[in-house]
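One-based numbering along the sequence shown. Every heavy atom of this structure was used, including side-chain atoms; hydrogens, water molecules and symmetry mates were not.
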Amino acid sequence: MYGPRGQSEGVLLAVRRCWLSAVLRLPLHRFCAGPRSPLGSHQAMAASLGPKPLVAVGQVTSTPDKEQNFSGCAALVRAAARRGACLVFLPEGFDYIGRDSAQTLSLAESLDGDLMVRYSTLARDCGVWLSLGGFHERRADWPSTQRIYNCHVLLDPTGRLAAAYRKTHLCDVELEGRVTMKESSFTNPGTEIVPPISTPAGMLGLSICYDLRFPEISLALRHAGAEILTYPSAFTFPTGSAHWEVLLRARAIETQCYVVAAAQTGRNHEGRVSYGHTLVADPWGAVVAQCSEGPGLCYAEIDLEYLRRVRREIPVQSHRRADLYGTVGLQAALSVP
């Protein structure tokens with residue numbers, strides 16, 4: 001009995017040694033569990049294509065103190081530039097958040113005012129694109145309207161104004177006993193959607209905060225060539241906790257775009273608390289970056305090859321029925337004598 005058993009053990013030992021040798025030569029990721037793309041081995045494919053454009057998304061707590069706000073935002077922009085970000089996003093109200101409409105109006109400036117000159121210098125010094133997501137802008141109609149515009153300013157790395165989108169959907173809401181806002185009482189609505197702008201990270205479509213609730217604008221930007229949609233915001237806590245992430249992910253899924261949402265967070269003044277939760281969603285709708293509590297930055301790579309793959313595998317844009325939308329009930333109305 002000893003002879004055959006010893007021979008079997010020798011063969012088994014040799015097999016184990018061969019198996020162990022083979023295992024040690026295999027790449028480690030074959031044995032390490034981790035998140036996988038729903039579309040397959042996207043991570044391995046991305047690694048083989050080299051570095052992707054890096055964007056930085058800021059979360060701040062603006063107050064009525066404009067100088068303090070600029071100091072905090074400038075520090076975030078410089079940190080993002082040192083990290084290698086090509087595009088830095090700041091939220092709605094990055095310049096300030098007033099205690100009431102009178103203070104908000106009194107602190108507003110024009111696009112050629114001192115504050116925007118300082119941000120232009122900052123963009124040039126850091127060599128980055130800046131998405132300044134909700135500037136309180138006085139325009140030429142100020143003397144007659146006594147209202148301002150909520151303006152999303154995009155600066156290129158030379159400090160030049162690349163685009164300015166003025167918020168078209170104004171936030172007039174009343175949640176009984178919780179939140180009351182009437183943006184239209186001191187703000188003029190914008191009159192146009194700005195075409196997507198070419199940046200090193202992709203074609204960027206501009207919106208602001210409450211625009212998030214209207215998929216028509218995101219679909220229009222997607223149709224015009226957008227690859228990244230941005231929603232700089234100052235959501236309140238009751239609306240943010242209920243709707244923020246689900247709406248952002250929905251916009252990403254239906255347009256198959258990256259969605260970038262810089263946000264206000266924490267107590268802006270004694271009468272206001274902002275929700276925060278700055279995030280980036282990818283074209284599949286997955287949250288790929290998110291800020292924790294308090295001011296700070298999160299980072300995301302923009303992978304346009306992945307975006308094209310998502311669009312190719314589920315080609316919703318080519319499936320849209322533009323011949324039907326907006327015609328519900330029209331035929332019945334036309335047939336009435």
Side-chain angles (χ1 to χ4, degrees), residues 60 62-64 66 69-70 73 89-120 130-155 161-175 179-197 204-221 224 226 229-236 239 247 251 261-264 268-269 271-272 274:
V60 305
S62 293
T63 70
K66 292 169 72 173
N69 298 335
F70 176 77
C73 288
F89 296 84
L90 293 176
E92 182 182 34
F94 70 95
D95 50 351
Y96 64 88
I97 291 185
R99 291 185 176 86
D100 51 41
S101 58
Q103 186 180 52
T104 299
L105 292 171
S106 70
L107 293 173
E109 298 184 21
S110 66
L111 286 181
D112 58 1
D114 175 68
L115 185 62
M116 199 51 61
V117 169
R118 295 173 74 183
Y119 272 101
S120 295
L130 283 183
S131 163
L132 305 173
F135 175 69
H136 297 85
E137 180 199 13
R138 283 194 188 185
R139 300 190 75 190
D141 59 3
W142 164 252
S144 60
T145 67
Q146 293 296 292
R147 284 177 167 82
I148 60 177
Y149 291 84
N150 192 338
C151 183
H152 187 160
V153 177
L154 184 67
L155 302 177
L161 179 67
Y165 162 75
R166 293 169 180 93
K167 190 176 184 182
T168 52
H169 301 96
L170 302 183
C171 185
D172 289 359
V173 301
E174 185 168 356
L175 306 181
V179 175
T180 299
M181 296 184 67
K182 194 169 179 61
E183 192 175 15
S184 65
S185 67
F186 60 90
T187 306
N188 290 313
T191 58
E192 62 179 350
I193 300 172
V194 174
I197 300 93
L204 180 65
L206 306 181
S207 298
I208 303 173
C209 198
Y210 193 61
D211 289 331
L212 175 61
R213 295 184 180 274
F214 302 89
E216 295 86 350
I217 187 171
S218 64
L219 293 172
L221 288 167
L229 300 176
T230 180
Y231 294 97
S233 298
F235 260 61
T236 65
T239 56
L247 283 173
R251 298 295 85 87
Q264 292 283 338
N268 305 104
H269 51 70
R272 179 188 171 88
S274 294

- Task: Check whether any side-chain heavy atom of Phe89 sits under 4.5 Å from a side-chain heavy atom of Leu130, and report yes or no.
- Result: no
- Nearest heavy-atom pair of Gly93 and Ile97: which atoms, and what distance? O-CG1, 4.1 Å
- Atom pair CZ (Phe235) and CD (Glu92), whose distance is rounded to the nearest 0.5 Å: 9.0 Å
- Task: For residues Leu132 and Leu154, determine if any side-chain heavy atom of one lies less than 4.5 Å from a side-chain heavy atom of the other.
- Result: no
- Measuring from Leu204:CG to Leu229:CG, what's the distance to the nearest 0.5 Å? 8.0 Å
- Verify whether one side chain among Ser184 and Asp172 offers a donor that lies under 3.5 Å from an acceptor in the other. yes
- Item | Student check: side-chain heavy atoms of His269 and Asp100 closer than 4.5 Å | no
- Exercise: identify the closest heavy-atom pair between Cys171 and Glu183: N-OE1, 2.8 Å
- Task: Compare all side-chain heavy atoms of Val153 with those of Tyr119 and state whether any distance is below 4.5 angstrom.
- Result: no
- Less than 6.0 Å separating the ring centroids of Phe70 and Phe94? no
- Query: When you measure from the centre of the six-membered ring of Phe186, is the NZ or CZ of Arg147 under 6.0 Å away and within 45° of the axis?
  - Reply: no
- When rounded to the nearest 0.5 angstrom, what distance separates OG in Ser131 from CG in Leu155? 9.0 Å
- Message: Is it the case that the side chains of Asn268 and Tyr96 hold a donor-acceptor pair, with the cut-off being a distance below 3.5 Å and no angle test?
- Response: no
- Closest non-hydrogen atom pair between Asp114 and Glu109, with its separation: N-OE1, 3.3 Å
- Considering non-hydrogen atoms only, spot the tightest contact between Asn150 and Gly134 and give its length. OD1-CA, 3.3 Å
- Message: Using side-chain heavy atoms (C-beta onward) and a distance below 4.5 Å, is Asn69 in contact with Thr63?
- Response: yes
- Listed partners of Asp211 passing side chain to side chain contact (heavy atoms under 4.5 Å, CB included), at least two apart: Tyr165, Lys167, Thr168, His169, Ser207, Ile208, Ile217
- Kindly indicate whether the side chain of Leu107, heavy atoms from C-beta on, has any atom under 4.5 Å from the side chain of His136. no
- Note on the structure: All heavy atoms of Pro232 vs all of Gly133, minimum pair found to be CG-O, 3.2 Å
- Query: Centre of Tyr231's six-membered ring, under 6.0 Å away, within 45 degrees of the axis: is that where NZ or CZ of Arg251 sits?
  - Reply: no
- Task: Can you measure from OG1 (Thr236) to CZ (Arg272) and round to the nearest 0.5 angstrom?
- Result: 6.5 Å
- Does the distance from a Lys or Arg side-chain N to an Asp or Glu carboxylate O, for Glu137 and Arg166, drop under 4.0 Å? yes
- Tell me, do Leu175 and Thr239 make a side-chain contact under 4.5 Å, heavy atoms counted? yes
- Task: Would you tell me whether Ser62 and Gln264 have side-chain atoms, one donor and one acceptor, within less than 3.5 Å of each other?
- Result: yes
- Item | Minimum-distance pair of heavy atoms, taken over all atoms of Ala108 and Ile148 | CB-CG2, 3.7 Å
- Given side chains that start at C-beta, do those of Cys73 and Leu90 come closer than 4.5 Å, heavy atoms only? yes
- By side-chain hydrogen bond (donor to acceptor under 3.5 Å, both in side chains), which residues pair with Ser120, not counting sequence neighbours? none
- Do the side-chain N and O atoms of Thr104 and Ser101 include a donor-acceptor pair separated by under 3.5 angstrom? no
